Each structure stands twice: as structure tokens, then as C-alpha cells.
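Here is how names work: the chains are called A, B, and so on, in the same order as the sequence lines, proteins then strands, and each is numbered from 1. Every value quoted in this text rests on a predicted model; they were computed, and no experiment measured them.
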Amino acid sequence: MSMGRIWQRYGGGPGQLLASIASLAIAAAAIIGWTQRAHDLKAVIEWFIAAILLHDLVFLPIYSLADRVTIGFLPKRAGVYLRAPALISLLLLATVFPTVLGFGARSAHNLSGITEHGYVARYLILTGALFALSGLAYALRGRLSDER
Amino acid sequence: MSKGPDVKSRVLALRPDPDRPPPGPFRPGFWRSPLRSPQLTAMLGLVLLIGLPVVAITGLLSNDAYQPGLGANALGRHTHGPLDLYLFGWPAGGPSWLYALSQGAHVTLGLALFPVVLTKLWSVIPKLFEWPPVRSPAHLIERLTLAFLVGGALFEFVTGILNIQYWYAFKFDFTQAHYYGGWIFIGALIAHVTIKFPTMAANLRTRDAVYAAADPTLSHGATPGLIAVATDATAVPSDATPAPTCPFPHAVHDGLSSPNPEPESMSRRVLLGSVAAASGILFLQGIGQSVGGPLRALAFLLPRGATRPGPLGFPVNRTWELTGLKRSVVADGTWRLKVTAGQRTVQLSRQQLLAMPQFTHELTIGCVEGWSTTQHWTGVRMIDLARLVGADPSRVSVTATSLAKGAYGQATLAHEQVSDQRTLLALKVNDLTLPLDHGFPVRMIAAAVPGVHCTKWISEIQFDEV
């Protein structure tokens, strides 16, 4: 079999193969590093797999479904002015929920000596401001197109 | 009688039929968002291609700054594994905010890129359900590296983001996990970029070509339906100028755009704008806790945006209360600092330390969590303490041991830091006696080292030849 045929059967080029092997070798080296703490390795593997499964098969379908279900109820022209601030707000929540919902509050107090309240209120005010800005944009846009 | 053909046909029957995907997400028609397209994925990819290397490099720099090869700095991690490389001694003599800048960039960019990562994953989700699941050996290997890429990205972002918010939901050691996880992510990312860069570049070019073809005078707000031209010729709206034949061979339909999209309810411009807005707000959160001072108020959704009032109200990493120590162990009558080099040991009371020449420097404490604070520290120079016990400052490391046990109860600074004039055993901060929360009776303070290496409540320092 010629080299060309082999690559054809393989389904990719030498560059692809080389890059993939390098990437898998680094992953193997990291896993070897982790075996220094066998208990950690088990927890880490669980987290790696859980991260993929939860994101791809739980969170993504849930928010896609929520988006799809709500979209029918949204007014056709104004819908985007509700979806955009909702999207921004949810992306923020996905990042800072441990603080907003107080999951880290106890450790934070122990380490920093500060007990801070009011994160939920701040988050809700920010979200409200985003919707208000979006509403303003909608009103201005409506007025502009009326003038035309 | 040969069984060969029979067995072979049975095996072939088990093979997935490439033309008949099972119902559900394996069928392209299942994915109906009109926003998914190779162009959207390419744009998000470009943002990540620019941002992620900065996050990766600053992450590796932080590992270097921790100097895991010295003393107990590695916190129990072995330092001779294949990936336990640190390239150079952490430089001294530079600006004291160097580590704060590097780590501030790591955390701030990490926060800002998270919405982009999530959107990128959303944009390529149909690929998870490709049919047939494996086309060739090359495809199998690529999907394996993609599992490491997606798993690595989520693992790194999630552990980092949880850690800076003090939600220790994981049972593993964070520093080690984030370090090795980072390598898995970096390795998979390099492979992914190597393989996909031509596709990304071609799709970014077709985006321009499509805009131009749609209307040469159109500088903004291209009809979104036209974006599909490059990927699906049948989607050209009848009233639009017909698009030219796609001149970019890479930009063929690759399973991202929906073959039967729903009517558009949000343009790509609005989607990208919303993601950018979320990223921008998170960026400012990071800037607030990293730059500190009046800007700290920007970090109103992160724990390190909170402050205490007064000249001693700057952030604390570990409170006195948390150490569980009794007040008496640091009382003037009982506390002594033991200074050792080789066979020579000197015991010093706080009064004796105050009687030595005092120096004041404005130094930044930069925390690995991405927050920092700059204050005026006063105390005894490390070079003077080294000379006191007959050690040559340029040839010794210093290991400080705290009265408080546990992680970072001991930290070692390299000879570069010992010989830096600004490295102090601080007795005062902002002209006031060091408070208990900031390390009374004495704490280490040095330029551009990770904050946790500025050991508090020190009972002993030891100089060792390097």
C-alpha cells in the first residue's frame, strides 16, 4: 500500500496525527503527575467527566429548551430586547453564582475576616439595569423608525 | 463451507449507517438555531485564540513565581515529574507589582473569557452528535483530543472561578489540579489550533466575502440570512444579490449551520454584543479586585470587592482568628524570633528588631486569587538579618516558619529575593504597628512574590546556602 493510500485510510494528514499525538502525550504526562496523589486523581477524573457530561448533556439542553419554550411567548419585535439582557445576566450568574448565592461566604469570612451581605440585591439591581437599558434602546429605536 | 462472508456481513450490519442517523440530536435538522454557523464559531475561536495564550502563560508564570523547587513551596507535590518544569528563578529587582500584574491578568482574563468559552461550546454542540460517530482513525483521535479540550477547558475555568470565590466544592488539592489540568488543556488547545486554524481563517474570510457580496455599500447590519450563503447555497434570499461561488475550499458546510433554521429572533450582532457585555462586566470585576484602591468597588460581585475601613483595613488572606493561636504566644515577654544560618543562631525580641535600622518600602501583595493591595511596609532588611548570622545574602535562600501551622505555614524565598534591598521583615505597616490579622509580631514582605509567601506570625527564619 502506498503512503498516499495509508493516509487516505487514516483519514487525515501527518500534521493532524502529530499534533494529536503530542496533545495526548501531554495529557498522559499530566495524569502521571497526578498519580503522585492517587486520591486526587480519582476525584479529578470524576470532575473532568462530570464537567463534560453536565455541560453538554444537562445544562446546555436545559437552557436551550428554556430559550425555545419562552421564545413563543415573547412579542415578535420586542423579543430580542428581552433576550439580550437575559443572556447577559445569565452569563454573569454562571460565573459569579458562588458569591451571589453565598456558597463561598463562610470560607470568605474565615479567610478575610469580612462578612459581606447584599450580593443577591446587587446582582438583581444589575440585571434590572440591563433590562432597563434594553427597554430604553427599544423605545428609542421605535421612535426613530416612527420618524422615518 | 466458509463462514467468512456471513460473519463479515453481520459485523457490517452492526456498523452505523452514515446516511441514516438515529432520531434526535444525531440528525442535523434537530439543531434549529439560525445563529450557529462556521463564521460565528470562527469569530469566537479568534477571540479565544488571542486571550487563552495570555491566560496560559500567566498561569505558568505563577507556577514559576511559587518556586516549587524550594523548601516546602510545592505543598507536597513532587517536583520532578515530566511536566514539573519551571524555567527560571523568579526575578527580583523589578517592580513590586509584577506578580500582581501577571496574576491579575490571569484571573481577569479568565473571568472575561468564560462567557466566550460557554458560547463557543454552544456554537459547536451539534458536532458532539456527529453521524457517524467515527468516520476514520483520524476522526477518532481528533474526537479524543476534543474530549480533553472540552473537559480541560471546563475543568480549568470552573475550578479557577470557584477557587477565587472560596467555594471549595472539590475534594482535590486545587493548586496541583489546576496546574496539571492546565497542561491537559494547553496540550489539547495546541493540537486543536494546529488542526483548525485553516478552517477558522477561511471562515473569517468568507464572512467578509459574504458581507461584501451581500451589499458592497453595507458597512454594518448585514441581513443575517445572508450569512448562511457560504455554508448553504439554498438559503440565499431571493431578493439578494446572488453570492459568488465560494472561493474558500475549507469553508464548506461542516455541520454547524442548521439546514432548517427557525426564523431569526436575535441577530448574530446582538448575540456577540451580549456576550461581549457579560465579558466586559466580568473584566471590570477582575480589574477592581486586582488594581484595588478606589477601583475595588468595581468588584461588587466578587468577595474581594469588600473592604474594611481605615489604614489597616486592606485585604487579609488569613485572619488571626482562623489560626486558633492564643494571644500569649506573640506577647512581648514570650515571643522571640529565631534566626539561623548553619551553626549560628540568634534570638531576637521585637524590641531588638525595632532597634535595628528600619527601612520603608511601598510594596504590593499580589494574591494568586487575582486580588492585590499596595501598602507602606516598615521593618528590618533581610540582608541585614542574613549578615547578622554571618550569611552572604546573595548566596542563601530564606525559609520563614509561622506560628500558624498548615498550608503556607512555611515558605522559602530564593537568594534573588534575599539580596533584594526591599525584602523586609515587616514590623509596621502604614506607620502603625502591624495588627494581628496582618502578621504581628513580624511578617515577611518582598517585591513581586506570591502573597502567600509573605509569611505572617513568623517565629523562625533560616538561611540556607544554595
Side-chain angles (χ1 to χ4, degrees), chain A residues 9-12 15-17 19-27 29-34 36-37 39-40 43-44 47-49 51-52 55-56 60 71 74 76 79-80 83-85 87-88 91-92 94-96 98-100 103-105 107-108 110-114 116 119 122-123 126 130, chain B residues 77-78 81-84 111 114-115 118 121-122 125 128 135-139 141-142 145 148 150-151 154-155 158 161-162 165-168 170-173 176-177 180 183-184 187-188 190-191 194-195 265-266 270 274 277-278 281-282 300-303 306 308 315-319 322 437:
Chain A
R9 279 222 155 174
Y10 170 67
Q16 188 265 3
L17 182 62
S20 303
I21 288 176
S23 136
L24 294 176
I26 292 176
I31 292 165
I32 289 168
W34 253 314
Q36 298 165 9
R37 291 189 188 194
H39 173 72
D40 266 22
V44 162
W47 261 67
F48 249 82
I49 294 170
I52 298 178
H55 175 271
D56 289 358
L60 196 144
I71 204 164
L74 296 178
K76 212 168 180 189
V80 66
R83 294 175 87 208
L87 174 60
I88 300 171
L91 284 171
L92 289 174
T95 315
V96 298
T99 305
V100 170
F103 293 155
S107 301
N110 285 341
L111 291 165
S112 72
I114 298 175
E116 185 76 350
Y119 286 111
R122 290 177 207 177
Y123 171 73
L126 178 63
L130 290 170
Chain B
R77 196 177 97 201
H78 291 219
L83 293 175
D84 299 309
L111 284 167
F114 190 49
L118 291 178
L121 290 177
W122 172 83
I125 192 72
L128 180 67
R135 283 194 306 269
S136 62
H139 189 220
I141 291 178
E142 187 182 335
T145 64
F148 281 111
V150 175
L154 289 170
F155 185 84
V158 171
I161 283 169
L162 295 191
Q165 297 179 79
Y166 306 105
W167 190 34
Y168 304 120
F170 32 80
K171 289 194 178 75
F172 42 80
D173 173 68
Q176 173 165 318
Y180 290 134
W183 271 114
I184 289 182
I190 290 172
T194 310
I195 294 165
S265 53
M266 179 193 251
V270 173
S274 303
I281 293 169
L282 290 168
F300 60 94
L301 291 176
L302 289 177
R308 302 186 292 183
V316 173
N317 171 257
R318 193 180 179 192
T319 57
L322 193 63
D437 276 347

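The candidate with the highest count of non-hydrogen atom pairs below 4.5 Å against chain A, out of Arg318(B), Gln165(B), Met266(B), is Gln165(B). Interface remark: of the candidates Ala22(A), Ala25(A), Pro85(A), Ala29(A), Ala29(A) forms the most heavy-atom pairs closer than 4.5 Å to chain B. Among Gly15(A), Ala43(A), Pro98(A), the residue making the largest number of heavy-atom pairs under 4.5 Å with chain B is Pro98(A). In terms of heavy-atom pairs under 4.5 angstrom with chain B, the leader among Ile88(A), Leu91(A), Ile49(A) is Ile88(A). Note: Asp40(A) leads Asp40(A), Leu87(A), Ile26(A), Asp56(A) in heavy-atom pairs under 4.5 Å with chain B. If you tally non-hydrogen atom pairs under 4.5 Å between each of Ile281(B), Asp437(B), Val158(B), Leu162(B) and chain A, the highest count goes to Ile281(B). When Ser136(B), Ala278(B), Pro137(B), Ala191(B) are compared by the number of non-hydrogen pairs under 4.5 Å with chain A, Pro137(B) comes out ahead. Contacts with chain B were tallied for Gly79(A), Ala108(A), Gly12(A), Ala51(A); Ala108(A) has the most, counting heavy-atom pairs under 4.5 Å. Top candidate by heavy-atom pairs under 4.5 Å with chain A, chosen from Gly187(B), Ser274(B), Ala306(B), is Ser274(B). Annotation: maximal heavy-atom pairing with chain B below 4.5 Å, among Gly11(A), Ala19(A), Ser23(A), occurs at Ser23(A).
Interface residue Asp173(B): backbone and side-chain heavy atoms are both found under 4.5 Å from chain A. When heavy atoms are compared at a cutoff of 4.5 Å, Ser265(B) approaches chain A by way of both its backbone and its side chain. With a 4.5 Å cut-off on non-hydrogen atoms, Glu116(A) touches chain B through its side chain but not through its backbone. For a residue to count as touching a neighbouring chain, one of its non-hydrogen atoms must lie under 4.5 Å from one of that chain's; by this rule Leu74(A) does not touch chain B. When heavy atoms are compared at a cutoff of 4.5 Å, Phe300(B) approaches chain A by way of both its backbone and its side chain. If you measure heavy-atom distances from Ala84(A) to chain B, the contacts under 4.5 Å come from both the backbone and the side chain. For a residue to count as touching a neighbouring chain, one of its non-hydrogen atoms must lie under 4.5 Å from one of that chain's; by this rule Pro115(B) touches chain A with backbone and side chain alike. Contact of Val44(A) with chain B is made through backbone and side chain together, with heavy-atom distances under 4.5 Å.
With contacts defined as side-chain heavy-atom distances shorter than 4.5 Å, the pair Leu17(A)/Ile141(B) qualifies. Taking 4.5 Å as the limit, every side-chain heavy atom of Trp183(B) sits out of range of all side-chain heavy atoms of Ile31(A). At a threshold of 4.5 Å between non-hydrogen side-chain atoms, the residues Trp167(B) and Ser107(A) do not count as touching. Taking 4.5 Å as the limit, some side-chain heavy atom of Gln176(B) sits within range of a side-chain heavy atom of Trp34(A). Contact annotation: the side chain of Ile161(B) never approaches that of Val96(A) to less than 4.5 Å [non-hydrogen atoms, C-beta and beyond]. By the 4.5 Å heavy-atom criterion applied to side chains, Leu24(A) and Ile21(A) are not counted as neighbours.
Ring geometry for Phe170(B) against Phe172(B) counts as parallel: the plane angle stays under 30°, on a 0 to 90° scale with 60° as the upper cut.
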Exercise for the section: May I have the step-by-step check of side chain to side chain contact (heavy atoms under 4.5 Å, CB included) for Leu126(A) and Leu92(A), ending in yes or no? Expected result: CA-CA 10 Å; Leu126(A) 178 63; Leu92(A) 289 174; 3.6 Å; yes
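For the atom pair Leu111(B) CG and Leu301(B) CG, the distance stands at 11.0 Å (nearest 0.5 Å). Here the CH2-CG distance, from Trp122(B) to Leu60(A), works out to 9.0 Å after rounding to the nearest 0.5 Å.
The shortest heavy-atom contact between Ala138(B) and Gln16(A) is O-NE2, 3.1 Å.
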